[in-house]
Amino acid sequence: MTGPTRAFWQERFDTEQTGWDRGGPSPQLNAWLDSGVLQPCRIAVPGCGNGWEVAELAARGFDVTGIDYTEAAVARTRALCAERGFQAHVVQADVLTFQPDAPYDAVYEQTCLCALHPDHWVTYAGQLHTWLKPGGRLHALLMQRVRPEASEQGLIEGPPYHCDINAVRALFPATRWQWTKPPYIKVPHPSLSHELALTLDRL
Ligand SMILES: C[S@@+](CC[C@H](N)C(=O)[O-])C[C@H]1O[C@@H](n2cnc3c(N)ncnc32)[C@H](O)[C@@H]1O
């Protein structure tokens, strides 16, 4: 399979090279929650990492499922939820093949797309469409990591792979997803440039 492997991610956790990790839930998740844009529902968090967002959603009454194929991520998310006394489903699975028992009302995608090699983006976008029920909402934080090697020589560098908004537009076409108009919210990241935050409604 092209791109990072499960062993790659496991090693990142084992050696504490988790520069993406904020050490707590994303401020944008809290903003969506506090404003009522995101309300308790059945929600999936693909590529949940250390599980901060899974634990926050569980704390706020969501029926939340964290999905990650790396053993360390699953163990850490389960431990965090158990330590805080929150109920969450935490599934060890590949987001490219995982199929839920029933569709979700929402998906919270935070830097999972940028963790996947672009060869897998079409499959991943198709998965998110399948997971969501019609009218369901995708809350996405898209990592912006422009690399000179990419624009000058066409090299595909990552992770994190730069989630160019034009590519995302093609992956989630307006025939299948309801878009809001730009500009989108810029969410600073302590170690990785910034993310663009937007919501897409599944048609
Ligand atoms: C950059 S980290 C982001 C973690 C978390 N979303 C965050 O923002 O803190 C990417 C996560 O996606 C997971 N991941 C990468 N490819 C995956 C795949 N094909 N299936 C499931 N999980 C995957 C990794 O194990 C890792 O935990």
Side-chain angles (χ1 to χ4, degrees), residues 1-33 38 43-58 62 64-81 88-100 104 106-128 130-131 138-145 147 156-163 171 185-198:
M1 185 183 268
T2 327
T5 60
R6 189 186 299 224
F8 166 89
W9 291 107
Q10 180 68 38
E11 192 185 345
R12 297 291 297 262
F13 284 101
D14 289 345
T15 56
E16 300 294 339
Q17 291 179 70
T18 53
W20 66 80
D21 190 82
R22 283 188 166 89
S26 163
Q28 185 56 38
L29 174 64
N30 283 331
W32 274 327
L33 290 168
L38 187 50
I43 189 168
V45 183
C48 61
N50 279 324
W52 304 111
E53 287 73 26
V54 172
E56 185 63 28
L57 288 162
F62 285 72
V64 54
T65 301
I67 305 146
D68 204 296
Y69 72 174
T70 305
E71 197 174 324
V74 169
R76 288 175 184 215
T77 301
R78 284 185 180 148
L80 182 66
C81 292
H89 312 282
V90 186
V91 182
Q92 185 169 7
D94 190 329
V95 295
L96 300 177
T97 54
F98 173 74
Q99 287 305 328
Y104 296 106
V107 170
Y108 180 77
E109 143 64 52
Q110 180 180 297
T111 57
C112 185
L113 180 66
C114 75
L116 300 170
H117 188 283
D119 281 1
H120 305 301
W121 283 8
V122 170
T123 302
Y124 181 60
Q127 284 282 89
L128 299 189
T130 306
W131 295 357
L138 171 62
H139 295 259
L141 284 169
L142 304 170
M143 180 57 67
Q144 300 302 296
R145 191 74 192 281
R147 295 169 189 272
I156 300 165
E157 299 281 324
Y161 299 98
H162 173 54
C163 297
L171 281 173
I185 302 164
K186 180 177 176 179
V187 185
H189 193 287
S191 56
L192 293 170
S193 184
H194 69 275
E195 296 147 313
L196 285 181
L198 55 115

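Side chains are part of it too, since the values below use all heavy atoms of this structure and drop only hydrogens, waters and symmetry mates. Each residue takes its place number in the sequence, starting with 1. Counting starts at 1 for both ligands and their atoms, following the listed order.
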Report task. Starting from atom 27 (O) of ligand 1, locate the nearest protein heavy atom and write down its residue, its atom name and how far away it is, to 0.1 Å. Result -> Asp68 OD2, 2.7 Å

Query raised in the report: Are Gln17 and Thr15 linked by a side-chain donor-acceptor pair shorter than 3.5 Å?
Result: yes

Query raised in the report: How does Trp9 reach ligand 1, by side chain, by backbone, by both or by neither, if only non-hydrogen atoms under 4.0 Å count?
Result: side chain

Query - Gly49: numbered ligand 1 atoms lying under 4.0 Å from its heavy atoms - result: 4 (C), 27 (O)

Query - Nearest neighbour in protein (non-hydrogen) for atom 12 (O) of ligand 1 - result: Gly47 CA, 3.5 Å

**Report entry** Heavy-atom gap Phe13 to ligand 1 smaller than 4.0 Å
**Finding:** yes

Query - More than 12 heavy atoms from other groups under 6.0 Å of CD on Glu71 - result: no

Query - Residue Ala115 vicinity, atoms of ligand 1 by number, heavy atom under 4.0 Å - result: 10 (C)

**Report entry** atom 14 (N) of ligand 1 - nearest protein heavy atom and its distance
**Finding:** Tyr69 CE2, 3.7 Å

Report task. Do me a favour and list the nearest non-hydrogen protein atom to atom 19 (N) of ligand 1 with residue, atom name and distance? Result -> Asp94 OD1, 2.9 Å

Query raised in the report: Glu53 and Gln110: side-chain donor and acceptor closer than 3.5 Å?
Result: yes

Query raised in the report: Does the gap between the ring centers of Trp9 and Trp20 come in under 6.0 Å?
Result: yes

Query raised in the report: How far is atom 9 (O) of ligand 1 from its nearest protein heavy atom, and which residue and atom name does that atom have?
Result: Trp20 CD1, 3.2 Å

Query - Proximal ligand 1 atoms for Thr111, defined as those under 4.0 Å from one of its heavy atoms - result: 1 (C), 3 (C), 6 (N), 7 (C), 8 (O), 10 (C)

Requested in this report: Output yes when the distance from some N or O of ligand 1 to some N or O of Gln110 is under 3.5 Å, and no in every other case.
Outcome: yes

**Report entry** Heavy-atom side-chain proximity of Asn50 to Phe13 below 4.5 angstrom
**Finding:** yes

Requested in this report: Do me a favour and list the nearest non-hydrogen protein atom to atom 20 (N) of ligand 1 with residue, atom name and distance?
Outcome: Val95 N, 3.0 Å

**Report entry** Side-chain heavy-atom pair His162, Gln144 within 4.5 angstrom cut-off
**Finding:** yes

Requested in this report: Could you tell me whether Arg22 and Glu56 have a side-chain N and a carboxylate O separated by less than 4.0 Å?
Outcome: no

Query raised in the report: For ligand 1, which atoms sit closer than 4.0 Å to a heavy atom of Leu116?
Result: 16 (N), 19 (N)

Query raised in the report: Any idea which part of Ala93 is under 4.0 Å from ligand 1, heavy-atom wise: side chain, backbone, both or neither?
Result: backbone

Report summary line: SG of Cys48 to CZ of Arg76, rounded to nearest 0.5 Å, is 12.0 Å

Report task. Using a 4.0 Å heavy-atom threshold (strictly under), name the region of Val45 that reaches ligand 1: side chain, backbone, both or neither. Result -> neither

**Report entry** Flag for Tyr124-Glu109: side-chain donor and acceptor within less than 3.5 Å
**Finding:** yes

Requested in this report: Quick one: sort the Phe98 and Trp131 rings into parallel, tilted or perpendicular, breaks at 30° and 60°.
Outcome: perpendicular

